[in-house]
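First up is the structure itself, then whatever we jot down about it.
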Amino acid sequence: MDDDRRITGLSEVPTDGTLLFTFRDGFDLGEAILTKLDDGSVVAFRNYCQHWTDVRLDKGSGALVRNGDIICQKHGATFGQETGYCDFGPCEGATLDTVDVEVSGDAVYLADDSLDFEHLGPSGEHDLSSGSRIDFTGT
Ligand code: FES
């Protein structure tokens with residue numbers, strides 16, 4: 001794989017949380033989250049809830065992952081860590097948008113040819129107003 005598409009080392013991707021990265025989609029920046037499954041494979045999803053798409057699942061320090069579910073801290077929707085399918089919450093039946101990634105050797109690469117890897121961490125372009133809404137964790 002092309003070094004420009006290397007996101008991070010495989011060992012950096014948590015199984016009990018997520019790792020945030022920023023990609024470029026044409027002129028726009030977007031965010032995605034990586035998470036490692038029990039079998040060692042890695043999946044990625046775009047970093048927004050299917051209920052309110054201005055709400056980020058990972059605000060920069062990892063999304064909440066519990067019992068194989070990624071949890072939106074705004075209203076508690078749960079998304080299967082492997083599939084992104086929401087089986088509980090206000091967007092039940094919806095599925096997180098996937099981003100193609102690939103593990104090669106000891107690293108994870110962005111495999112979606114329409115996107116370019118930018119950097120680890122947040123894009124800095126998110127709507128700060130969504131962060132000011134109170135969620136059920138009080139954060
Ligand atoms: S914004 Fe995610 S569950 Fe409502």
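What you see below is based on every heavy atom in this structure, not just the backbone, and it leaves out hydrogens, waters and symmetry mates. Every value quoted in this text rests on a predicted model; they were computed, and no experiment measured them. Each ligand, and each atom within it, is numbered from 1 in the order the structure gives.
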Under a 4.0 angstrom heavy-atom cut-off, which atoms of ligand 1 come close to [X]?
X   : result
K74 : 1 (S)
H51 : 1 (S), 2 (Fe), 3 (S), 4 (Fe)
W52 : 1 (S)
A77 : 3 (S)
C49 : 1 (S), 2 (Fe), 3 (S)

Polar contact flag, side-chain donor to acceptor under 3.5 angstrom, T15-D38: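 The criterion, which ignores hydrogens and geometry beyond distance, is not satisfied for D38 and T15.
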Is it the case that Y48 and D97 place a side-chain donor and acceptor less than 3.5 Å from each other?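 Present: a donor and an acceptor within the cut-off.
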Taking non-hydrogen atoms only, is P90 closer than 4.0 angstrom to ligand 1 via side chain, backbone, both or neither?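 Side chain only; the backbone of P90 stays clear of ligand 1.
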May I ask you to check if any N/O/S atom from C72 comes under 2.8 Å of atom 2 (Fe) of ligand 1?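 C72 does place an N, O or S atom closer than 2.8 Å to atom 2 (Fe) of ligand 1.
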Presence of N, O or S from H75 under 2.8 Å of atom 2 (Fe) of ligand 1: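 Short answer: no, not a single N, O or S atom is under the cut-off.
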Pair R46 + E31: basic N to acidic O under 4.0 Å: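 No, this pair does not count.
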Presence of salt bridge, R66 and D16, under 4.0 angstrom: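 Not counted as a salt bridge, because no side-chain N and carboxylate O are separated by less than 4.0 Å.
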Heavy atoms only: give me the nearest N47-L57 pair and the separation to one decimal.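 Answer, listing the atom of N47 first, then L57: OD1-N, 3.0 Å.
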Quick one: which of V101, V42, V103 gives a side-chain contact (heavy atoms from CB on, under 4.5 Å) with V13?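 Going through the options one by one, the only one that passes is V42.
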